[in-house]
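To start, the structure itself, in structure tokens.
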Amino acid sequence: VASVDKAVRPYENNPTPDYPSRLRNQGVEGAFVAQFVVDSTGKVDEKTMLFPPTADALFINSVRQALRRSRYYPAEVGGRRVMQLVEQRFVFVLRR
């Protein structure tokens, strides 16, 4: 779907990815953009999740688990709910 009348919007109470304790303890930070499709029911289609190959596997796993539990208001075209590709940035920064 090239253009939509209403774009996908996340629920306010979606879970945030947990900071993997091993990476926190090592002082490792990271940020990357994940791609995924939100289907017409507002769920993330797990088969469509794409992550940059340079992202740490522990960060990816944390984001994957959060996305599985996340819900979205689906995109709409002409009043019909449709799937939409989403790009979302995830940032893991340690508070000093």
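If you read the sequence from its start, that first residue is 1, and numbering goes on from there.
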Nearest 0.5 Å, what's the [atom1]-[atom2] distance between [X] and [Y]?
X     : Y     : atom1 : atom2 : value
Ser62 : Phe92 : OG    : CZ    : 4.5 Å
Glu87 : Gln35 : CD    : CD    : 4.5 Å
Arg81 : Lys6  : CZ    : NZ    : 9.5 Å

If only atom types and distance count, is the side chain of [X] paired as donor or acceptor with the main-chain N or O of [Y] below 3.5 Å?
X     : Y     : answer
Thr48 : Val37 : yes
Gln84 : Ala75 : no
Glu29 : Leu94 : yes
Ser70 : Ala66 : yes

For [X] and [Y], work out which heavy atoms get closest and say how close.
X     : Y     : value
Met49 : Arg64 : SD-CG, 3.6 Å
Arg89 : Ala31 : NH2-CB, 3.5 Å
Leu67 : Val44 : O-CG2, 3.7 Å

Should Tyr72 and Val4 be regarded as members of a common hydrophobic cluster, given that ILVMFWY residues are connected when their side-chain heavy atoms come within less than 4.5 Å of each other, either directly or indirectly?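 Each belongs to a different hydrophobic cluster.
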
Shared ILVMFWY cluster between Leu85 and Val38, side chains joined below 4.5 angstrom?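 Per the 4.5 Å side-chain linkage, Leu85 and Val38 are not co-clustered.
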
I'd like a table of donor-acceptor pairs (distance under 3.5 Å, sequence neighbours excluded) in which one partner is a side-chain atom from residues 10-24, with atom names and distances.
| unit_1 | atom_1 | unit_2 | atom_2 | d |
| --- | --- | --- | --- | --- |
| Asn14 | OD1 | Arg71 | N | 2.8 |
| Asn14 | ND2 | Arg71 | O | 2.9 |
| Tyr19 | OH | Val28 | O | 2.5 |

Is atom CZ of Arg80 surrounded by more than 12 heavy atoms (other residues, nucleotides or ligands) closer than 6.0 Å? no

Would you call Val63 and Phe51 a side-chain contact if the rule is heavy atoms closer than 4.5 Å? yes

Can you pull out every salt bridge (Lys or Arg N to Asp or Glu O under 4.0 Å) where at least one residue sits in residues 34-45? Sequence neighbours excluded, please.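 Passing the test, one end in residues 34-45: Asp45-Lys47.
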
Asp5: salt bridge (Lys or Arg N to Asp or Glu O under 4.0 Å) partners, not counting sequence neighbours: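 None.
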
